[in-house]
Amino acid sequence: MEDHAILSERLEDQLKAIEWARAEQKRILKEKGERLSEELMNKMTPFILGHQEK
């Protein structure tokens, strides 16, 4: 069961809150993806370069 909080009774305010939440979700996922990608590159680049030299 999910808890819901009503920030405002006005539909316009609720829609703005939803838009903000979706934008925040996209921003967070983008940042997380970029961070994971960077970590992966930092770990794998030396491994890949090491195999190319052999």
Side-chain angles (χ1 to χ4, degrees):
M1 180 178 217
E2 295 180 15
D3 291 329
H4 298 279
I6 296 177
L7 303 175
S8 174
E9 293 293 328
R10 292 180 38 206
L11 181 59
E12 299 85 23
D13 293 340
Q14 292 178 24
L15 291 174
K16 286 180 185 177
I18 291 170
E19 288 176 21
W20 174 84
R22 286 183 177 155
E24 280 297 295
Q25 180 183 31
K26 285 182 182 178
R27 182 187 63 79
I28 290 168
L29 289 174
K30 181 181 177 196
E31 286 178 4
K32 186 175 182 178
E34 289 172 355
R35 183 178 49 82
L36 290 173
S37 178
E38 185 177 333
E39 288 179 22
L40 181 61
M41 286 299 295
N42 288 339
K43 289 183 179 183
M44 293 304 295
T45 299
F47 176 75
I48 293 168
L49 293 176
H51 280 326
Q52 288 180 347
E53 293 174 359
K54 292 181 180 180

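Throughout, residue positions are numbered sequentially from 1 according to the sequence presented. Reckoned from all heavy atoms, side chains included, excluding hydrogens, waters and symmetry mates.
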Side chain to side chain donor-acceptor pair (under 3.5 Å) partners of residues 36-47, not counting sequence neighbours, each pair once =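 Residue pairs passing side chain to side chain donor-acceptor pair (under 3.5 Å), neighbours aside: R35-E39.
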
Sequence neighbours excluded - ring-ring contact (aromatic ring centres under 6.0 Å, His included) pairs with any residue from residues 11-35 =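 Passing the test, one end in residues 11-35: no pairs.
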
Test side-chain contact (heavy atoms from CB on, under 4.5 Å) applied to R22 - qualifying residues, sequence neighbours left out =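 Expected list: I18.
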
Same cluster (ILVMFWY, side-chain, under 4.5 Å), L29 and L36 |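 Hydrophobic grouping puts L29 apart from L36.
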
Test: E31 and R27 ion pair at under 4.0 Å =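 Yes.
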
Is the number of heavy atoms from other residues, nucleotides or ligands under 6.0 Å of Q25 CD greater than 12?
->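 Open.
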
